[in-house]
Structure formats: structure tokens, C-alpha cells
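Everything below concerns the one structure shown next.
Each chain gets a letter, A, B and so on, in the order the sequences are listed, and its residues count up from 1. Just so you know, these numbers use all the heavy atoms, side chains as well, and skip hydrogens, waters and symmetry mates.
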2 protein chains.
Amino acid sequence: MRSYAQFCPVARALDIVGERWALLIVRELLIGPRRFTDLRDGLPGIASNLLADRLRSLERAGIIERSELPPPAASTVYRVTERGRGLVPVIVELAVWGAPLLESGRGEDHFFGRWMTLLEVAVFRGVSTAGVAPLLVELRVDGEAARLDIREDGVQIALDAVGPADVVFIADGETAARILMRDIEVDDAVAQGLAEVIGEPDAAGRLRTLIGRVDGFRSSTA
Amino acid sequence: MRSYAQFCPVARALDIVGERWALLIVRELLIGPRRFTDLRDGLPGIASNLLADRLRSLERAGIIERSELPPPAASTVYRVTERGRGLVPVIVELAVWGAPLLESGRGEDHFFGRWMTLLEVAVFRGVSTAGVAPLLVELRVDGEAARLDIREDGVQIALDAVGPADVVFIADGETAARILMRDIEVDDAVAQGLAEVIGEPDAAGRLRTLIGRVDGFRSSTA
DNA sequence: CTGCATCCGCTTCGATACTG
DNA sequence: CAGTATCGAAGCGGATGCAG
């Protein structure tokens, strides 16, 4: 392990999660537990030996752990530990800072709908949920579903939510990004057939209210 | 430039600041403007060509900018832009997450007192400054001075502070780290001759109050 | 002296192939 | 499915050189 050898909290953190792919592996596992192959498929371009290396070092650092699923599904599953979950603020702040970089569009880049979940958490960070919470939102972006738990004290990924959500939001990746960055209004996107909001009128309205409270990132950047 | 080629705010952020040394260069420049040689000296182990490469790519990304000092001091100075200053939350969250990693002690690691400034900002993040602010603190850690601006709305690095501070805190690096992580009390450190707090009794008391409000990191980690 | 560029040995990465 | 093995390419670290 190559170290910066600095007595500095930032440098020591980067010694562990600063290597290529490390934080993206954590990102994937923050959204939910994954098997080796799932991770490889979800991180296009990573070499399998490199993934194995990273999983080992992240495990040694106490950030992730592996568990064997009982038969008949006998398989290895990776998940984040509590220490690993402590990286949420780091990743969210990176998402906040990186959000304006999505303006240039998707282009040829890879995309999975679940990545917008982090953008949601990032974009709703600091936004008041008063009058909106509690609300369980299901996001279906590019066919991939994730859930957001809107609570009085903030918004977070709902990892262990079961049952139906209060409201379902459906869109493709670029539309979701544009909505979150206030490049387009929810209602306009729906009117143009780019997005769909399904649920009780009250719940759907509360989701729109929340999105409406987002400031948008475009003004905050160069 | 190697890219992850993912339409994800985290991945796009890491495309820019995820390379080795990049965030540490920003860390240095967040503390204050620096010349090329200062940066190289402050980042032990970095190759000069690599530093030049990084400075170029960070400049292209709009994170830093170079300016020529007028004669007779004719020299190039690097400083962060507003966009670069937007990385403060990322670096502070990294410092928060990495703070427990300082527990193992300094060992053979390099150290500059200014690095504790970030730990201070990290550790005071979220701590109420009520009854303490406004307060201008000068930190002299391992002979290097930095200033903290304690305000009602939080604590930040005082980049352009002039004049005398309200209170001066003097310690070596490890003692400063131990105090901030609540491994030792300020008063005990002072009693043991490890630290010194100079200033009006009222101002010094307010600094102690603020430090006393810190929860400490040891419990929050594995 | 500062701000690099060049060269070189070493490490890491990426792609592919292969195995229990 | 969950990795390991291999190998060329790219990146890094250290030393040196050099122009302004």
C-alpha cells in the first residue's frame, strides 16, 4: 500500500480511499449489498484482479465486509460496515461538487439509474423537509429502482425499505439529472413525457414541493 | 486524462480530483497561496514533474489559478478559485472521516502544523459557537501559524486575517491532535507543559468552552 | 533561486485468459 | 460465480539538468 506518510487526517483518509476505484466501490455498496460479479458489471472498465485487490484492502481497512449467503444461494456478498457508512458525507459532498459536471450531458458515458440516487441525496442535503416528511419515494431511473427515505431530519437512501412507496418517480437518467439541477421543472418534464410521477395526489404533490425547494447547482459553479 | 466515463456526479468529480496528490494540492492551497517550490516542499515525496502536471490539470479544471507577483518579487503564485474553494466540504468530510486514523500516532510521518488547521475545522464542524463567537484564534502548531475564524455560523480558516488574534494556542502536532480528539483535556495538556493558551482570560475561556463542546471521534469509529 | 522538462527504474493499471 | 495469472501500457517517484 502506497502511503502519503503524512500526519494529516485528509492524507490518512486518502491513503485508504484515495486509490483509483476505491470510492466508487464504496458508492456501489452504499446503494446496496453486491456480489463480486455485480460490482464488476456495475463498474465498467475495472479489471477483475483490481476489484479483488480493492475489496481486500477495503476489507482490511474495516470499510466493507464479506458474508457468505446460506445455501442454496451459496454466494459471497459484500456490504459496507458502519465505518464504511461513515463515508457517506464524503461521497455526498463529492456528488454535490461534481453535480455541475453533469451539465455537459451523458455522451458516451456509462450509466445506471442508481447513480442518480446519490445525486438526489446530495441535492436534497440541507433542503427543509418540513411538510413533506415522512415520505417514501421510489425512483425508477433507466429501469433501475432505488428508494429514498424523506425524513424530518433529512433525506437518505432507504436500504431496507419494504412494501409500496408513497410515490414513484420514473425518468431516464439525463432527465432525472436535469430535474435535480433545476434545468427543467418536474411538471414540464412530465408534460413532455420525459418523466412520470405516480402516487396519491398528496404524496406526489409533496415530492414536487421538495424538488421545488432545491436551489439548483448551475448558479453555484463556474 | 483517464476518465471513469460514468454519468455520475461522484465519478465525474473523481475524474478531476481523484488522481494521486490532487486533493492534497488543493488542501495546501486552501490554507493559503503557495509558490511551486513551497508546494513541493509541503508535499514530501511528490515528483516535480507530477506537481507541474497536476497544477496544469487543476488549472484547466478551473480549481486553481496562477498569478505572477510583480517585481521585484517576480514569481508565480498558485491559489484556489471559487470553484476550488467549493472543495472545502469534501476535504473537511475527508478530515472528519480520517481523524480517527491519527490515533495511531505520528510515527515517521511528515508533519506541518498547518495540517491541524483542517482538523480543527473538521472537528468544530457542527459544534455550536453560541457564546463563543466571534473569536479569532491563532494556532501555532510545531512552529507554524494559522488562524481560525470562529463565527456564529461556524468555524473557518481565516485566510486574510490581520492584526492580533484574541487568543493564541500553542502546541506540537500530536498534542494538538490529541486535544482535538478529546484524548486529553486542554487544561491537562497545559498543566503538563504540552500546550499553551495565551490571551485575555475571557477569550481563552471561550476557546476552552468551544473545545469542550467537541464530542471526540474515538467513539464514532471502529 | 524558481519552475519546470527529461530520463529511468519501479509500481500500478487495464485487458484478456484461465481456473476451482 | 468468484476470483487468480499474465503481460503490455500507463503512471509514479527520484535524480538530474537547465533556462529564466
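With rounding to whole Å, A/Glu19 atom CD is found 6 Å from C/dC13 atom P. Atom pair B/Phe36:CZ and D/dA19:C1' shows a separation of 14 Å (rounding to whole Å applied). Taking atom CZ of A/Arg40 as the reference point, atom P of C/dA15 lies 13 Å away to the nearest angstrom. Distance CD1 (B/Ile46) to P (D/dG11): 15 Å, rounded to an integer number of Å. Atom P of nucleotide D/dG13 and atom CG of B/Leu51 are separated by 12 Å, given to the nearest angstrom. Following rounding to the nearest Å, B/Leu43 (CG) and D/dG14 (C1') show an atom-to-atom distance of 16 Å. Distance A/Leu39 CG to D/dC1 C1': 13 Å, rounded to the nearest Å. Taking atom CZ of B/Arg56 as the reference point, atom C1' of D/dG11 lies 15 Å away to the nearest angstrom.
Sorted by first and then second residue, the side-chain hydrogen bond (donor to acceptor under 3.5 Å, both in side chains) pairs involving residues 5-17 of chain B (not counting sequence neighbours) are A/Arg27-B/Gln6, A/Ser104-B/Arg12, A/Asp109-B/Arg12, B/Ser3-B/Asp15.
Counting non-hydrogen atoms under 4.0 angstrom, B/Ala47 reaches a base of the nucleic acid. At a threshold of 4.0 angstrom between heavy atoms, the contacts of B/Thr37 are confined to the sugar-phosphate backbone, with no base atom among them.
For the residue pair A/Val121 and A/Val155, the shortest heavy atom distance occurs at CG1-O, 4.0 Å. In terms of heavy-atom proximity, B/Pro33 sits nearest to B/Val77 at CB-CG1, 3.7 Å. Taking every heavy atom of both residues into account, B/Trp97 and A/Ala13 meet most closely at CE3-CB, 3.8 Å. Here the closest non-hydrogen pair linking A/Ala61 and A/Ile16 is CB-CG2, 3.7 Å.
Contact annotation: A/Arg35 side-chain N/O to D/dG3 OP1/OP2 distance is not under 4.0 Å. For the pair B/Arg20 and D/dG13, the criterion of a side-chain N or O lying under 4.0 Å from OP1 or OP2 is met. Note on B/Arg54: a side-chain N or O is less than 4.0 Å away from OP1 or OP2 of D/dC12. Put simply, B/Ser75 has a side-chain N or O that comes within less than 4.0 Å of OP1 or OP2 on C/dG3. One finds a side-chain N or O of B/Arg66 lying less than 4.0 angstrom from the OP1 or OP2 phosphate oxygen of C/dC4. Within the 4.0 Å cut-off from OP1 or OP2 of C/dG14, not a single side-chain nitrogen or oxygen of B/Tyr4 is found.
Distances from the side chain of A/Ala52 to the nucleotides C/dG14, D/dG13, D/dG3 place D/dG3 closest. Taking only side-chain atoms of B/Asn49, from C-beta outward, the nucleotide of D/dT6, C/dT6, D/dG3 with the closest atom is C/dT6. Out of C/dC13, D/dA2, D/dC12, the shortest distance to the side chain of B/Arg2 is found at C/dC13.
In terms of position on DNA chain C, the residue among B/Leu55 and A/Trp21 whose nearest nucleotide sits closer to the 5' end is B/Leu55.
Within 3.5 Å, a donor on the side chain of A/Ser48 pairs with an acceptor on the base of D/dT4, or the reverse. At a cut-off of 3.5 angstrom, the base of C/dT12 holds no donor-acceptor pair with the side chain of A/Asp53.
Note on the helix from C/dC1-D/dG20 to C/dG20-D/dC1: angle between the axes of the first and last five pairs equals 30°, rounded to 10 degrees.
Listed for the B/Asp142 side chain is a donor-acceptor partner under 3.5 Å among the backbone atoms of B/Gly173.
A cation-pi arrangement is absent between A/Arg66 and A/Phe36, since the terminal nitrogen or guanidinium carbon is not both under 6.0 Å from the aromatic centre and inside a 45° cone about the axis.
The side-chain heavy atoms of B/Leu102 and B/Met116, taken from C-beta on, include a pair separated by under 4.5 Å.
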